[in-house]
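Note sheet for the following structure.
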Amino acid sequence: MKSRAHNFSGFGLGFRPQHFPDILGGANAADGVDWFEIISENFIGVGGMPMRNLMRVSDDYPIVMHGVSLSIGAPDPLDRDYLQGLMDLAERLQPEVISDHLCWTGAHGVNLHDLLPLPLTAETLVHVADRVGQVQDFLGRRIALENASTYVTFTADARSEWEFLSELSERADCELLLDVNNVYVSAFNHGFDAADYIAGLPAKRIRQIHLAGHENNGDHIVDTHDAPVADPVWDLYRDTIRLLGPVPTMIERDANIPPFADLVAELQLAREAAGKAGHGAAA
Amino acid sequence: MNTGLAELQRLFQDRLLAGGNDIERHLKDRGPFLKVYDHAYLARLLEVMGEDFPAVHTLLGDDQFGDAAVAFVRAHPSRARSIRWLGAGFSAWLREADPWRNLPVVADMAAFEWALGLAFDAPDSEPVGMPALAAVPAEAWPGLRFEFHRSLNIVRLAVDVAPFQRAVAAERDPEAAPEPLSEPGDCGGFGATWKACRCAIGRYRWMRRRGSIA
């Protein structure tokens, strides 16, 4: 098992098959990228060339594992096979962060493969905190939960999402993955102030930041990950770094994927944005 | 009175799987953007089916492929953690469901493409080599059992789907529609057996006719 002594910092990209030849193309192939994030499910229970590629990149770069199927808010018992798969993968990769989303993805054995919203109630808080505890006990480490983009809110909501995440992270002793684009998207869709959201989170628990592009449909915004990061999200990111200090940051791009060099160039914008906020070199 | 978490999730899931409206009264302003979830559910599943079965898609065209894929995911909501496995039962479903069951080429193409996908990323296992075999004492030979490498999948086909699939994978226009296989000998005319193997991704080999496999 590998062990790493370095500190996790800097700016990362997703490890996507379209870019394998660029990333694995030899020395300095991925200059400008400090680490890579994988979608955990893509590498659980698989082998062959995809896994060989991942192991090669993990020799040279820190890896973070980002999941989409933990379904931390679901009514079903936690899937032990899935957790074991996460653990086995983590054993091999020694990731800096293991993350998933504050959401549920299906009930009664069905997986809807979407990050669905939770009612922000006391009942949900107890339920999710208990399950985060179970996951962390199983994995023997903290996980980070990400704020998902949401398109509806519930009449039963008794607290804001940032209040919910703050309480949850304290109660479950977990970390947070702050998706700045998702804050912007949800703020637009539900009419709250994105700055209030970020200021309301416990800074010390924010382990990583996501940035991504979205689609503005006039009366609502959809988190699409198919376009460059939008200008207002860059503004919010600068404010976020000003407030939080340096936080490892990555750009997610999952559709309409451009050449690798374009994403590296966009990542440089994140570096510069953090620099303008006074934390570029350290971030 | 507050509706509990599990009930709200049941109603939300019923909305996505069956178009139910009961969740709306539990959403602020009755959820004007609930349509985002409605759209995303099927759009995501269709996208993945299209990625996993490009030759079936080409064979059927957009509309018919969409009909088949939607009917399949409606009949078999995903139960796997990874969306990678969404299409696992597609070819078996096509063999049974109207009108596709009358078109064996469609199910055969789906089975073939799925097997190629499995060959690509099946879990690793170490093949047994000659030295390991040679080290087995002679008296232990009668008890030996062999298992295929986990990337090996055998599918029985009635239609020669490979040239069409190969053209689609190479982003060329297929020259002709897949032809039924005329299978001499022990296969009895209902099919042939193909193997997809990891050693050459996206390739496959004729195996011997079934009757000659010991």
Side-chain angles (χ1 to χ4, degrees), chain A residues 39-52 67-71 73-76 79 81-82 85-86 104-119 121 123-124 126-128 149-158 189-190 217 219-224 255, chain B residues 1-17 23-45 47-48 73 76-86 117-126 149-151 198-199 201:
Chain A
I39 302 298
S40 306
E41 287 76 5
N42 291 350
F43 295 95
I44 290 176
V46 306
M49 190 185 288
M51 183 55 86
R52 281 200 297 279
V68 294
S69 300
L70 181 60
S71 204
D76 301 350
D79 183 334
D81 290 343
Y82 173 72
L86 271 185
W104 63 292
T105 65
H108 314 299
V110 169
N111 193 347
L112 299 162
H113 298 292
D114 200 356
L115 309 174
L116 301 172
L118 287 162
T121 63
E123 180 199 6
T124 306
V126 169
H127 179 66
V128 175
S149 294
T150 61
Y151 308 99
V152 298
T153 54
F154 292 84
T155 57
D157 287 352
N189 290 341
H190 306 312
N217 295 290
D219 61 345
H220 69 286
I221 295 180
V222 180
D223 174 34
T224 49
Chain B
M1 191 191 85
N2 278 340
T3 305
L5 173 63
E7 176 64 4
L8 290 172
Q9 289 173 320
R10 190 186 69 76
L11 296 176
F12 209 114
Q13 182 154 304
D14 176 65
R15 165 65 171 227
L16 298 185
L17 293 180
I23 189 62
E24 290 179 12
R25 64 192 163 88
H26 298 287
L27 302 176
K28 284 190 183 147
D29 305 323
R30 298 187 70 84
F33 309 129
L34 187 56
K35 61 190 175 188
V36 176
Y37 295 104
D38 291 338
H39 172 75
Y41 175 60
L42 276 182
R44 181 171 295 109
L45 300 188
E47 181 187 351
V48 169
V73 298
H76 295 279
S78 173
R79 304 186 79 84
R81 286 285 147 180
S82 170
I83 205 165
R84 162 77 180 83
W85 305 108
L86 177 68
L118 291 176
F120 182 67
D121 65 2
D124 292 310
S125 51
E126 199 60 38
H149 190 276
R150 287 188 286 178
S151 65
R198 188 196 298 272
C199 56
I201 286 160

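Both backbone and side-chain heavy atoms feed into the values below; hydrogens, waters and symmetry mates do not. Every chain is numbered from 1, with letters handed out A, B, ... down the list of sequences.
In this structure, the side chains of A:Leu112 and B:Pro77 stay at 4.5 Å or more apart for every pair of heavy atoms. Looking only at side-chain heavy atoms (C-beta outward), B:Phe33 and A:Asp219 come within less than 4.5 Å of each other. Counting heavy atoms from C-beta on, the side chains of B:Arg81 and A:Leu70 never come closer than 4.5 Å. Using a 4.5 Å heavy-atom cutoff, the side chains of B:Leu34 and A:Tyr151 are not in contact. At a threshold of 4.5 Å between non-hydrogen side-chain atoms, the residues B:Arg79 and A:Asn111 do not count as touching. In this structure, the side chains of A:Leu116 and B:Gln9 stay at 4.5 Å or more apart for every pair of heavy atoms.
Between A:Phe154 and B:Phe12, the ring-plane angle classifies as tilted under the 30° and 60° cut-offs.
Neither the backbone nor the side chain of A:His190 comes within contact range of chain B; no heavy atom of the residue lies under 4.5 Å from a heavy atom of that chain. In this structure, chain B has heavy atoms under 4.5 Å from both the backbone and the side chain of A:Val110. If you measure heavy-atom distances from A:Thr224 to chain B, you find no contacts under 4.5 Å at all. For chain B, no part of A:Asp81 is nearby; none of its heavy atoms comes within less than 4.5 Å. In this structure, chain A has a heavy atom under 4.5 Å from the backbone of B:Arg25, while its side chain stays farther away. Proximity to chain B (any heavy atom under 4.5 Å) is shown, for A:Thr150, by both the backbone and the side chain. Contact annotation for A:Thr153: both backbone and side-chain heavy atoms come within less than 4.5 Å of a heavy atom of chain B. For A:Ile221, no part lies near chain B; criterion is any non-hydrogen pair under 4.5 Å.
Side chain of B:Gln13 to main chain of A:Ala107: a donor-acceptor pair is present (N/O by atom type, distance under 3.5 Å, no hydrogens or angles). Side chain of A:Thr155 to backbone of B:Lys28: no donor-acceptor contact under 3.5 angstrom is found.
Every pair passing salt bridge (charged side-chain N to carboxylate O under 4.0 Å, His left out) that includes a residue from residues 104-117 of chain A is listed here, sequence neighbours excluded: A:Asp114-B:Arg44.
Heavy-atom minimum distance, A:Val152 versus B:Gly31: CG1-CA, 4.0 Å.
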Full working for side-chain contact (heavy atoms from CB on, under 4.5 Å) between B:His39 and A:Val222: CA-CA 11 Å; B:His39 172 75; A:Val222 180; over 6 Å; no
A:Thr121 vs B:Leu5, side-chain contact (heavy atoms from CB on, under 4.5 Å): CA-CA, chis, key distance, verdict: CA-CA 9 Å; A:Thr121 63; B:Leu5 173 63; 5.7 Å; no
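Chain A forms more heavy-atom pairs under 4.5 Å with one residue of B:Leu8, B:Leu45, B:Val36 than with any other, namely B:Val36. No other option in B:Ser78, B:Ala80, B:Ser82, B:Ala40 has as many heavy-atom pairs under 4.5 Å with chain A as B:Ser78.
B:Val48 pairs by the side-chain contact (heavy atoms from CB on, under 4.5 Å) definition with B:Asp52, B:Ile83, B:Leu86, not counting sequence neighbours.
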